[in-house]
Amino acid sequence: MTFRLYNTFTNQKEDVRPMTPGIVRMYNCGPTVYGRPHIGNLRSFLFADVLRRWLEYTGLEVQQVMNITDVGHLVDDADEGEDKLQAQAAKEQLDPWAIAAKHTKQFLEDLDALNFRPAMNYPRATDHIPEMLEMIEVLVEKGYAYQVNGDVYFDVTKFPAYGQLSGNRVEDLVAGSRIEVRDEKRNPADFALWKSDEKHLMKWDSSYGPHGFPGWHIECSAMARKHLGDQLDIHTGGEDNVFPHHECEIAQSEAFSGKRFANIWAHAKFLQIDGGKMSKSLGNVYDLGDIQERGYEARILRYTLLRGQYRQPLNFTWDILEESKAAVENYDRLAQDLGRLVKAVESDTTIKSRGSDLVATAKADFESAMNDDLNMARALGALGTLRNEVGRGEVTGEAAAEALGLLRGIDSVLGVIHFESGDLESTIQSRIDARTEARANKDWAEGDRIRDELLAEGIALEDSPDGVIWRRV
RNA sequence: GGCGGCAUGGCCAAGUGGCUAAGGCAACGGAUUGCAAAUCCGUCAUCCCCGGUUCGAGUCCGGGUGCCGCCUCCA
């Protein structure tokens, strides 16, 4: 069965068929580094990570590039207003380069904490000014773009397909929008490729003048081209990127190369908070640090953000985070229980293998759900069913090893399960031993005291028939 | 004004016209346990409303209602 992914461009699920057999070229719209990424940003990046992991699960090599926007993303209208980095720089009283460096570092640290597989490349916009200018020059030469007073605009009327991705018509955009009509533009919907502004702090010399900086959209076109070529298999982003950002990328890249830019455009839906939009005024913009401050591991957030289907809106609440914690700990327990079952087989080869068919069914269900546009909720259902079967003792012997292998495979996509309890400090181990001895002497009070004490320190004890099992909570 | 999405148990969430509507969390009853924990058994929904198509609809069509998003910076 092939992997089908929803393509925003055609509004349908399509087979993922890499142009180069075995290798997927994927470009993910990354962050604008003017602040720490919030959990909404993280959801969309995480979608890219899960997508990449699933492609790898199916045996494909993924050339993944996620850009870092460190200049040119304006806070206001597409062609007016302040550069985001510059605005933040003013607030923090730092220069924009320092702001970008600081938040780029923070971004990469957060990805690492959330167990992202590193992309092949995280190109910075400011490292690709020559590549952008090269594209702009060709677009001007070909007649797709024009310059006015040091600014360069893309003429949307020269690219008839403009609007196809988002389903917008140029006429509607103009009629319904608040795009300010600037006299220097030929058409109100034209967008900027290059801007000139003496006051801009990050600026470059070019044939258009000494004080220029790039428009937001051209960055991605130039970086995608530099690192992956003129044609991509998959291009991702948040749903808000569909228009205008990705629409503009298509126009620029295809006008430039004459080739189809991306085969599949995949977009993650927005994250909501408490049923509504996340906004600074409501004070509900959370980042990884806020989650950790409340005592949740990064992997719990990871699970919360990936447990549903990426095209369904996800409503974040603290209750859901708590629920996810319980669910993830159940997966840990399943992993560790299976580990014990496997060990039992090693020491007792007479244990019969049972449940191989159940494991095979779970595997097939998981894979077909993931192949169906990354239907994670359905995929996790298959895992839950297997978990129940293991709990009932229906999976033993060699089949337990198969189940453990499957679980490792599943977690190669999820990236949240702890398969080993880890090492225990010897002082804690000796206290556990002391408790076991007290219990042997029926000194329940002392035994319970030690158990409560360890629990307060984050070590939970469970008395199984085969001895004490501990886990971190 | 233009475009789009969603509405399934207390909460989250699958369900791609037809066996008893996945799975998770929570809750309750029971087994087990020195007590717990974990585990197991059991209980817990007819799918927003109205109309239609069909032998048969949560699933298709029409009309409502409600929520959300994009069109303007946002992942």
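Numbered from 1 within each chain, the chains take letters A, B, ... in sequence-line order.
Whole-Å rounding puts the A:Q272 CD to B:C70 P distance at 10 Å. A straight line from CZ of A:R392 to P of B:G42 spans 8 Å, rounded to a whole angstrom.
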Using the 3.5 Å cut-off, write out each protein N or O paired with an N or O of nucleotides 32-34 of chain B and the distance between them.
from: B:G34; atom 1: O6; to: A:R439; atom 2: NE; distance (Å): 3.0
from: B:G34; atom 1: N1; to: A:D448; atom 2: OD1; distance (Å): 3.0
from: B:G34; atom 1: N2; to: A:D448; atom 2: OD2; distance (Å): 2.7

Produce the list of close N/O pairs, under 3.5 Å, pairing protein atoms with atoms of nucleotides 4-8 of chain B; give distances to one decimal.
none

With the criterion being N/O to N/O and under 3.5 Å, what pairs connect the protein with nucleotides 58-60 of chain B, and how long is each?
none

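Contacts with RNA chain B (heavy atom under 4.0 Å) in residues 406-419 of chain A: none are found.
Residue A:R4 has no polar side-chain atom (N or O) positioned under 4.0 Å from OP1 or OP2 of B:U16.
Listed by chain and number, the residues in a side-chain contact (heavy atoms from CB on, under 4.5 Å) with A:A434 are A:I450 (sequence neighbours excluded). The side-chain contact (heavy atoms from CB on, under 4.5 Å) search around A:A222 returns A:E131, A:M132, A:M135, not counting sequence neighbours.
Among the nucleotides B:C12, B:C73, B:A38, the one closest to the side chain of A:W216 is B:C73.
No hydrogens or angles were tested; on distance alone, nothing pairs the side chain of A:E239 with the base of B:G69 as donor and acceptor under 3.5 Å.
Remark: aromatic rings of A:Y162 and A:F154 are distant, center separation not under 6.0 Å.
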